[in-house]
Number of protein chains: 2
Amino acid sequence: MEEREISRAVIGRLPRYYRYLGELLDAGVERISSNDLSKKMSVTASQIRQDLNNFGGFGQQGYGYNVKYLYTEIGKILGLNREHNMIIIGAGNLGQALANYASFEKSGFHLKGLFDVNPRLEGVSIRGIPVRMMDDLKTFLKHNDIEIAALTIPKSKAIEVADILVASGIKAIWNFAHTDLNLPEDVIVESVHLSDSLMKLSYNISRYNEEHGK
Amino acid sequence: MEEREISRAVIGRLPRYYRYLGELLDAGVERISSNDLSKKMSVTASQIRQDLNNFGGFGQQGYGYNVKYLYTEIGKILGLNREHNMIIIGAGNLGQALANYASFEKSGFHLKGLFDVNPRLEGVSIRGIPVRMMDDLKTFLKHNDIEIAALTIPKSKAIEVADILVASGIKAIWNFAHTDLNLPEDVIVESVHLSDSLMKLSYNISRYNEEHGK
DNA sequence: TAGATTGTTAATCGATTAACAATC
DNA sequence: TAGATTGTTAATCGATTAACAATC
């Protein structure tokens, strides 16, 4: 089976396609051409067709794309047709924010546990999930089939905790700590570096100010 | 003055360089070669030199780069030598999480206000900043010089609020809402789409499972 | 001075866009 | 059938890597 590697750039655009198609679906739009979609999304029609054809021919000449069908197919590509059990390590504001995102649940990401070191959080529940103490993590992972762990803890603890998670068989880490994680290559890591994002914003402000002589 | 446009890819890597240099600095490392840094960061030395030379020659032949100097210079490029006044719209978990990030304050991002529609939050303070009601937003912006607004509100309100912010003279929006914002091009928008990130993670899990026949 | 390492040019690689034949 | 629009190949553009002369 010939498996061409799909570029990171393409994968990075899929969620955005998915989002726009979801909106079209909600708006009751039945079909859309790459050209019309390209205008909405401010990308080229060529790129849309090229991107989609990495995964197969979802359209029809002379017709365009069926919104519902394409939405579902991209969902499948993104793995949203599966169920994903998830835990959150770090029940601070950010961990709680993630725990409260009802939309994740709708996409098949099921929160099964919340962990923290702070004893004052013990027993507190978020959306019915009690916060457990970190001491219970290993045992919990032994008895529950968890795929994804979100790491919403400070950088100082992140690497150590990541190692525990990997040793306990976690497949994927959604990392919010302000550090890179160097883990075995069969562990999937997706990092959200909020401060990197804020710095990019700040760069663009500086650039803008320079150009406008401020 | 010849201003070459610097590619988004390069800018996206700057915060990561900054992060690694900060760690080297903390570790007391005085100088580093592009080669040594490339090994630490898993990128090519060529890319590091190429990236940095977009902004000027920060190194010295035969010596490498002075860590402290390079750290400071990248900080300047990123605009971290300026002060940035900031507000947060949406004082839910995510807004509070951002408000509590002490490290932003250290980098010159000063939180000046927090806004929400929920009357139960009125008067509640986070790090000494009281939550204000949305009705007060326009007046507040008239009397305070705010550069950045973080939008941590649901998608349904985001576009409307963004328009108010722009009309009130906000320069930059750090958008966490699950939607793209179409604003005048002189307004800088940096979006953090958490669900896009989770979908990328999910994609990679599916891909991995396929490859390993699960 | 000799060795090390940058800054920068040239070569390669990959991603995006354009074009158009295939086909609904 | 004629018109529309895809899927796909070819052309272009940009980003990354390699190479090396400049120089500390």
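Chain naming here is simple, since letters A, B, ... match the order of the sequence lines and numbering starts at 1 in each. Because the structure is a prediction, the values reported are computed rather than measured.
Within the nucleic acid shown, B:Arg8 has no heavy atom closer than 4.0 Å to any nucleic acid atom.
With a 6.0 Å cutoff to the six-membered ring centre and a 45° limit on the axis angle, A:Arg31 does not count as a cation-pi contact of A:Tyr65.
The nearest whole Å value for the distance from the CG atom in B:Asn35 to the P atom in C:dT6 is 8 Å. Across the protein-nucleic acid pair, A:Phe55 atom CZ and D:dG7 atom P stand 14 Å apart, rounded to whole Å. A:Ile48 has its CD1 atom 16 Å from the C1' atom of D:dT8, to the nearest Å. Taking atom CZ of A:Arg13 as the reference point, atom C1' of C:dG14 lies 12 Å away to the nearest angstrom. B:Phe58 has its CZ atom 17 Å from the C1' atom of C:dT5, to the nearest Å. Summarising the geometry, the separation between CE on B:Met41 and P on D:dT17 is reported as 13 Å, rounded to the nearest angstrom. Between the C1' atom of C:dT6 and the CZ atom of B:Arg31 lies a distance of 13 Å, rounded to the nearest Å. Here the P atom of nucleotide D:dT5 and the CZ atom of A:Arg49 are 11 Å apart, to the nearest Å.
Between B:Phe140 and B:Phe115, the distance from one ring center to the other falls under 6.0 angstrom. Taking the six-membered ring where the residue is Trp, the centroids of B:Tyr17 and B:Tyr20 are separated by 6.0 Å or more.
Taking the six-membered ring where the residue is Trp, B:His178 and B:His193 present perpendicular rings, their angle passing 60° and hence far from 30°. Between B:His84 and B:Phe109, the ring-plane angle classifies as parallel under the 30° and 60° cut-offs.
Nucleotide C:dT17 forms a pair with D:dA10, judged by Watson-Crick or G-U wobble geometry with both contacts under 3.5 Å. Pairing for D:dC24 goes to C:dG3, judged as Watson-Crick or G-U wobble with the two contacts each under 3.5 Å.
Across residues 61-69 of chain A, A:Gln61, A:Gly62, A:Tyr63, A:Gly64, A:Tyr65 each have a non-hydrogen atom less than 4.0 Å from an atom of DNA chain D (numbered order).
A donor-acceptor contact under 3.5 Å links the side chain of A:Ser46 to the base of C:dA18. For B:Gln50 and C:dT6, a side-chain-to-base donor-acceptor distance below 3.5 Å is absent, hydrogens and geometry of angles not being considered.
Closest to the side chain of B:Asn53, out of D:dC24, C:dG7, D:dT17, is C:dG7. The listed nucleotides are D:dT6, D:dT17, C:dA15; the one nearest the side chain of A:Ser34 is D:dT6. Comparing C:dT6, D:dT16, C:dT17 against the side chain of B:Gln47 picks out D:dT16 as the nearest.
Counting only distance, with no hydrogens or angles, the side chain of A:Asp116 and the backbone of A:Ala91 share a donor-acceptor pair below 3.5 Å. Using a distance-only test at 3.5 Å, with no hydrogens or angles considered, no donor-acceptor pair links the side chain of A:Arg82 to the main chain of A:Gly108.
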